[in-house]
Every structure is written in structure tokens, then in C-alpha cells.
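These notes are about the structure you will find just below.
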Amino acid sequence: MLRFAPLPIGDMHINELRVAILSYLIAQQKKERFIVRIDDTDKEKVIEGKDTEIMQILEKFALNHDTVLHQSEKMHLYQTLAIGLLEKNKAFVCTCGDEPLQNERYSGRCFEADKEELAKLKNSCTPFVVRIKKPELPIIYHDAMRGEVESSQSEIDSFVILDANGTPTHNFASACADMLLGVTMIISTQAHILDTAKQKHIKMQLGYEEVTDYVHLPDILSDQENLTVKWLFEQGFIPDAIINYLLLLGYTDSPSEIFTLPEAIEWFRLEKLSKDTVTFDLEKLRFINREHLKKMNDRDLSTLFGFADAAIGKLAKLYLEEASTLKELEAKIHPIFAPKDFEGVWEPQMRTLEEIIQNAPMIDSFEAFKHYMLDQSGFEAGHFFKPLRLLLTGAEYGPELCDIYPFIKPYLLEIAS
RNA sequence: GGCCCCAUCGUCUAGCGGUUAGGAUCCAUGGUUUUCAUCCAUGUUACCGGAGUUCGAGUCUCCGUGGGGUCACCA
């Protein structure tokens with residue numbers, strides 16, 4: 001079983017999305033369950049509605065899950081497990097507060113406090129936290145990208161598992177949940193390498209003996225501040241392209257640059273991911289987005305611009321020569337159907353051409369249309385194509401008119417005005 | 001600062017001791033297109049530095065340098 005465990009405390013970052021995509025992909029490869037766990041342990045930071053937003057994003061990317069659950073529903077269970085550790089003398093109560101933590105590590109002063117101490121503290125209403133005892137041996141786990149990862153005891157202190165409110169900390173709750181769910185592989189980012197060791201320590205202290213595989217992905221760096229999924233959508237990138245790009249980043253040996261998630265499930269190997277951090281490259285994503293838009297169903301594409309006509313999808317694809325995102329395509333398609341601006345040096349010619357079109361019969365081919373228009377107007381070619389283009393597309397430049405014509409033909413009267 | 005990871009064109013990368021250091025993207029130029037773009041062709045651009053090991057090092061070792069991560073009652 002694999003899980004995606006997002007924190008509902010902000011917009012989803014592409015690093016998180018990459019974790020989700022890979023978790024889903026590996027679950028499919030291993031034919032194991034894929035579940036979503038909303039890690040809403042921190043009541044202070046949780047943002048109302050973020051959880052449904054997360055689920056909507058996953059749906060857009062077609063990362064289908066088997067189950068979804070909230071950490072907040074299980075807190076009592078994790079508290080019980082923490083108390084269990086206290087009783088087994090694997091954890092201790094600590095009343096040090098913030099004092100000894102003057103940018104130093106935990107002093108270990110309360111190390112021997114046991115559960116009798118707990119009773120006393122409860123009676124006297126003294127604030128306390130519960131800390132798990134630090135490991136006596138190095139924590140070693142297997143990472144599919146990095147091999148055996150060893151964290152020495154010195155890196156892992158006796159860390160807090162229940163805070164002063166009695167709330168399980170994220171690390172503790174996460175470890176407990178993974179254990180209880182039977183998660184077999186955990187994908188996260190390199191920021192959590194040490195957390196993984198802590199969680200493994202927790203699971204070992206709780207007596208969990210199943211082997212868990214881990215992967216810690218390198219981060220995607222960017223000088224851009226909010227590299228969120230939301231932002232990518234706003235820019236007009238489509239899910240298939242985003243998936244393609246995120247899977248391609250740092251991958252060594254893909255059979256082709258352009259692919260879909262189902263295709264990647266056939267050949268993707270975590271071991272072939274580079275351990276080096278990668279830089280987010282908008283230009284590359286634009287290229288990939290363009291390629292996926294080219295492959296998109298024409299009618300589906302047209303609906304994104306408010307049509308239900310395959311011809312408009314085909315028309316939009318002509319503009320992929322100069323546009324790479326939905327947003328840019330929209331900026332090309334919209335002026336075609338919007339009322340034209342006649343102001344400018346070509347105004348007389350445009351007025352003439354408009355009138356001819358409004359009274360013209362339906363003409364099938366652009367060649368015939370061109371000849372008809374040239375005959376009727378008496379214009380020279382040099383004074384003809386520019387105003388015609390402006391009249392038909394609202395733009396000075398664009399794809400060949402003979403390519404555009406077949407798709408806009410049915411809308412000609414509306415367009416040429 | 002301690003510890004961990006990483007280091008090839010601007011970017012993503014191929015390369016597992018002997019290569020004209022390859023591809024993709026981006027960029028530039030030429031051709032085609034009645035215009036721009038597309039398309040096709042061509043081209044510029046890279047092994048972080050220094051010591052070793054070796055007949056020979058992008059490739060192995062060490063030391064620098066640079067980048068990233070991590071050291072919470074944050075998740």
C-alpha cells in the first residue's frame with residue numbers, strides 16, 4: 001500500500017504533486033492500494049476547505065485513490081500508542097518547557113521521568129510533553145534511490161511525540177498511521193530524510209517489524225516563489241503535460257520525451273531518477289504542454305474555449321505554432337470571434353472586405369474564396385492579405401489563412417464584422 | 001557551525017577508463033511560406049578547480065569550491 005499524505009495548510013506545491021504522482025504510479029506498478037491521508041494534525045494551521053481542494057486536484061490528474069481519511073479522526077488512537085510507550089519506559093514525560101532549548105538540543109534532563117511522574121504532573125496541572133527516548137543504535141533504512149541510509153544516534157534526539165496539548169506531533173501521528181495502515185512504501189522529498197529515520201525509530205519502538213521501502217526525491221528548485229499547482233493551471237498548463245514534465249525531470253532513460261501517465265507506469269523505475277536537485281524550467285514545460293495540446297481531442301479542446309466544435313479545436317491547434325498554453329491559445333482564439341477593430345491604416349480595405357463577405361455566397365475552399373474576394377475588391381495582393389487577416393483573425397500575424405479558413409468558414413459572417 | 005546528498009552545454013540529461021563528449025529544449029542563421037510564426041536544414045554553447053592513481057580520467061581517490069538538505073512542543 002502507498003499513501004499520499006498532504007498537509008491541508010496551503011496550496012499544493014509541485015514538489016508535493018510529484019510525490020502524489022509517483023506514489024500513484026508505484027501503487028499501480030505494484031498493484032497495491034493507493035490511499036490519501038489528509039494530515040490535519042495541526043489544528044492551528046489547517047485551512048478550511050483545503051482538503052477538498054486537494055482531492056479535486058488529484059481528480060484532475062486522474063490519480064485515483066482507494067480510500068481517503070483524515071488524521072484528525074485517529075488522534076486518540078495515537079495518544080494511546082504514546083501512553084503505551086510511556087508505560088514500556090520507551091518514552092518519558094518532560095517538563096523542561098522552552099527554557100533549555102536556547103538554540104541547543106534537548107538537554108535530556110527529564111530522561112528518567114516515568115509514568116509515576118506523569119500521574120504527579122497531571123494532579124498538579126504542570127504542563128508537560130511526552131518525548132520518545134532517543135535511539136541507542138543508528139537507524140538504517142533502505143531508500144530506492146540512495147541505497148542504505150544511515151542516521152547516527154547523534155542526529156536524532158529524544159523528540160516530542162505528544163505536545164503540551166496532548167496532541168500527537170506530525171511525525172508520530174504519521175508513523176503510527178503508516179504502521180496501522182500497513183504502508184509498504186513511502187515516497188517523500190529529501191527534506192524528510194531525517195524524519196524518515198525518526199519515524200522508523202517510532203515504528204520500531206512500537207514493535208512494528210514489517211519492512212518499509214522509502215524514496216526521498218530531490219527537490220525541484222525555482223527562483224519563482226509560489227510554484228503551485230494552482231498557478232500552473234492559471235497559466236494554462238494541462239494535467240497531462242504537468243505529469244509528463246514532473247516525471248521527466250531528472251529521469252535518465254525515458255523511451256520518449258512525450259508520454260502519458262499510463263505509458264510511464266509501464267516503464268518508470270525510481271532507481272533511474274537522478275539524486276541531484278533539478279531546476280524548474282518553464283520553457284521545457286511549455287514545450288511539453290504544446291505537445292500534449294497537439295494530441296488532445298479536438299472537440300474536448302474546443303470546449304475549453306466555450307465551443308463544442310471539433311473545427312475550433314483544430315483551429316486552436318494551428319495556433320500551437322505560436323502559443324504553448326491554454327491561456328495563450330485563448331488570447332489567440334478570442335480575437336477571432338470578437339468584434340474587429342477597424343481603426344488603423346487598413347481601415348478602408350477592411351471595410352470593403354467586410355461588405356463583400358457579408359454579401360458573399362458560401363464558398364468552400366480558400367482558393368475560391370481568395371479569388372472571389374480579389375475579384376470583388378479589385379485589390380492587389382499586397383493590399384489584400386493583411387487587411388483580410390485582420391478582419392478574419394483580429395491579429396496582424398498568425399498561421400496561414402488557407403489553413404484557418406476551413407475551420408472558421410461556418411462562422412464567417414460573425415467573424416468578419 | 002556539525003552531519004548528509006549532489007556537481008557535463010542557459011535548462012533537462014547520455015556517458016560506467018580510450019567517444020570528433022551524444023540527444024532534447026532554448027537561442028541564432030539559412031531555405032520554404034504572397035507577411036510573421038510553423039516546418040526543414042545548419043550552427044554556437046558544457047565536463048567547477050587542484051592534486052593524485054593510470055600508458056590513458058568527464059569517468060576512480062583525496063583536498064578545495066559551489067549548490068541543496070537537515071539539525072523544533074513546524075508540519
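Chain A is the first sequence line, chain B the second, and so forth, proteins listed ahead of strands; every chain is numbered from 1. Just so we're clear, the structure is a prediction, and the values are computed from it rather than from any experiment.
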P gap between B/G64 and B/C4, integer Å: 13 Å
Base-pairing mate for B/C40 - Watson-Crick or G-U, with both contacts under 3.5 Å: B/G30
Cation-pi geometry met for A/Lys198 and A/Phe159 (6.0 Å, 45°): yes
Closest nucleotide among B/C3, B/C26, B/U11 to the A/Thr279 side chain: B/U11
Sugar-phosphate, base or nothing in reach of A/Val160, heavy atoms under 4.0 Å: sugar-phosphate
Sugar-phosphate only, base, or nothing, as touched by A/Asn171 at under 4.0 Å among non-hydrogen atoms: base
Distance, P atom - from B/C55 to B/G50, rounded to whole angstrom: 22 Å
Between B/G31 and B/A14 - P atom distance, rounded Å: 37 Å
Touch class at under 4.0 angstrom, heavy-atom based, for A/His192 against every strand present: base
Options B/G68, B/U35, B/C6, nucleotide nearest the side-chain atoms of A/Leu221: B/G68
Spacing between A/Lys332 atom NZ and B/C36 atom C1', to the nearest angstrom: 10 Å
Pairwise C1' distance for B/A7 and B/A46, with rounding to whole Å: 12 Å
Rounded distance in Å - CD (A/Glu44) to P (B/A72): 21 Å
Residue pair A/Lys327 / A/Glu234: nearest heavy atoms and the distance that separates them: CD-O, 3.6 Å
Salt bridge A/Arg351-A/Glu355, side-chain N to carboxylate O under 4.0 Å: no
Touch class at under 4.0 angstrom, heavy-atom based, for A/Thr41 against every strand present: sugar-phosphate
Of A/Leu248 and A/Glu400, the one whose closest RNA chain B nucleotide lies more 5': A/Leu248
N or O in side chain of A/Arg290 less than 4.0 angstrom from B/C26 OP1/OP2: yes
Nearest-nucleotide pick for A/Gln190, side chain only, options being B/U11, B/G69, B/C6: B/G69
Integer angstrom distance from the P of B/U44 to that of B/G22: 10 Å
Any strand: nucleotide that pairs with B/U70 via Watson-Crick or wobble, under 3.5 Å: B/G2
Among B/C73, B/A24, B/C74, the nucleotide that comes nearest once only the side chain of A/Lys45 is considered: B/C74
Exercise: do A/Tyr411 and A/Asp309 side chains pair donor with acceptor under 3.5 Å: yes
A/Ile139 CD1 to B/U70 C1', straight-line distance once rounded to whole Å: 16 Å
Sugar-phosphate, base or nothing in reach of A/Leu194, heavy atoms under 4.0 Å: sugar-phosphate
Whole-Å C1' distance, B/U42 and B/U32: 15 Å
C1'-based separation of B/G18 from B/A37 [nearest Å]: 46 Å
Nearest-angstrom distance from the residue atom CG of A/Leu285 to C1' of B/A24: 15 Å
Sugar-phosphate, base or nothing in reach of A/Ala164, heavy atoms under 4.0 Å: base
Modelled atom types, side-chain donor and acceptor of A/Asp40 and A/Gln71, under 3.5 Å: no
A/Asp163 side-chain proximity, nearest of B/U13, B/A24, B/C74: B/C74
Nearest-nucleotide pick for A/Arg389, side chain only, options being B/C12, B/C36, B/U70: B/C36
Any donor-acceptor N/O pair under 3.5 Å between B/U25 base and A/Arg286 side chain: no
B/U61 - base-pair partner by Watson-Crick or wobble geometry, distances under 3.5 Å: B/A51
P gap between B/C47 and B/A21, integer Å: 12 Å
Salt bridge A/Glu328-A/Arg290, side-chain N to carboxylate O under 4.0 Å: no
Contact check, side chains of A/Arg3 and A/Phe34, non-hydrogen atoms, under 4.5 Å: no
Selection from B/A24, B/G10, B/C6 that lies nearest to any side-chain heavy atom of A/Asp276: B/C6
Whole-Å distance separating the CG atom of A/Leu392 from the C1' atom of B/U35: 15 Å
Pair partner, B/A46 [Watson-Crick or wobble, under 3.5 Å]: none
Atom-to-atom span, NZ of A/Lys275 to P of B/G67 - whole angstrom: 22 Å
Residue pair A/Arg37, A/Ser174: steps toward the side chain to side chain donor-acceptor pair (under 3.5 Å) verdict: CA-CA 9 Å; A/Arg37 192 184 71 212; A/Ser174 187; 2.9 Å; yes
Spacing between A/Asp219 atom CG and B/C12 atom P, to the nearest angstrom: 14 Å
Whole-Å distance separating the CZ atom of A/Phe92 from the P atom of B/C73: 11 Å
